[in-house]
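By convention in this document, chain letters (A, B, ...) are assigned in the order of the sequence lines, proteins followed by strands, and residues within each chain are numbered from 1.
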Protein chains: 2
Amino acid sequence: MATISSHDADTCRRSDAALTRAFRLLGKRWSGVVLGSLNVGPAGFRELSRAIEGVSDSVLSERLSELTKAGLIARTVDAGPPVTVSYELTESGRALMPALDQISEWAREHLPQE
Amino acid sequence: MATISSHDADTCRRSDAALTRAFRLLGKRWSGVVLGSLNVGPAGFRELSRAIEGVSDSVLSERLSELTKAGLIARTVDAGPPVTVSYELTESGRALMPALDQISEWAREHLPQE
DNA sequence: CATACTTACTTCGAAAATCAAAGCGGCATG
DNA sequence: CATGCCGCTTTGATTTTCGAAGTAAGTATG
């Protein structure tokens, strides 16, 4: 007797496609922290590099590109002189902040310091 | 006039220590997705490996160890026979789920499919 | 008993991601 | 005009992840 098809017991739903998509971004080193840093307000490259202890310039640069491409942050160039660049959260990026805040709170309660 | 010390304008608060701690775990490939999969209920290694499309056995094994060590999931061995192993969220792990749900919802609204 | 299949991993070599350090062009300051 | 800041990029080493195969133990089939 044929069942409604489209899934066997085995293949059945276990991982959430949306979560998987989210973690294709967030599951990369520093993505989450970069977003959290920008939550405080817009910042320049050097400022972020100094603020986020441990990230290398090359990776920071890559993350900023990825997150910009994904529409979570925006890069703005103010043609000075001197020319300045600043990164800030877009609406999409800001929409993620409640979740990050919750993660932060969770870590305070459930992850040991250092 | 000496200020309260402990921070210059430059070094000043930008990245959240708790968030950084959280993403030392979550900012690794597959961590978030593994947790999300376990949200549905306990599962064995093979079941997870099948459910989470794209993860390799070696990485899954490593993530499960890390997350177990961090106290987010628990590994239980039922000495059969046949012996079976199952992984499930601890209370700490469950406490993170609201945040993951929010991320998933965010992705549904802000990240394109595929 | 032999063969095949399942679970729960581990091991291995290759490919990809990350790191730290140095370099570059532009602009400002002493 | 040397020195320093900014916003990156490049380079080469180290670490992570991948994908496939292997291991050990138990179950099922003939």
Worked verdict on His110(A) versus Arg21(B) for side chain to side chain contact (heavy atoms under 4.5 Å, CB included): CA-CA 10 Å; His110(A) 297 279; Arg21(B) 248 179 294 143; over 6 Å; no
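- Using a 4.0 Å cutoff to heavy atoms of chain B, the contacted part of DNA chain D runs 5' to 3' from dT17(D) to dT27(D).
- No donor-acceptor pair under 3.5 Å is formed between the side chain of Arg63(B) and the backbone N or O of Ser58(B).
- Checked against Leu100(B) for a side chain to side chain contact (heavy atoms under 4.5 Å, CB included), the options Leu35(B), Val33(B), Asn39(B) give a single hit: Leu35(B).
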Contact state string [nucleotides 16-28 of chain C, B base, S sugar-phosphate only, - no protein heavy atom under 4.0 Å]: --SBB------SS
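- Note on Lys69(A) versus Glu66(A): no salt bridge recorded, every NZ/NE/NH1/NH2 to OD/OE distance being 4.0 Å or above.
- The environment of Gln113(B) atom CD is sparse: at most 12 non-hydrogen atoms of other residues, nucleotides or ligands sit within 6.0 angstrom.
- Near-neighbour residues of DNA chain C inside residues 71-79 of chain A, defined by a heavy atom below 4.0 Å, are absent.
- Checked against salt bridge (Lys or Arg N to Asp or Glu O under 4.0 Å), Arg46(A) has the following partners two or more places apart in sequence or in another chain: Asp57(A).
- Scored by the side chain to side chain contact (heavy atoms under 4.5 Å, CB included) test, Glu53(B) finds no partners at all (sequence neighbours excluded).
- Within a 6.0 Å radius of CD in Glu91(B), other residues, nucleotides and ligands contribute 12 heavy atoms or fewer.
- Computed from coordinates, the Tyr87(B) OH to dT7(C) C1' distance equals 11 Å when rounded to whole Å.
- A donor-acceptor pair under 3.5 Å is absent between the side-chain atoms of Ser86(A) and the main chain of Gly44(A), judged by distance alone.
- Partners of Val83(B) by side chain to side chain contact (heavy atoms under 4.5 Å, CB included), not counting sequence neighbours, listed by chain and number: Val77(B).
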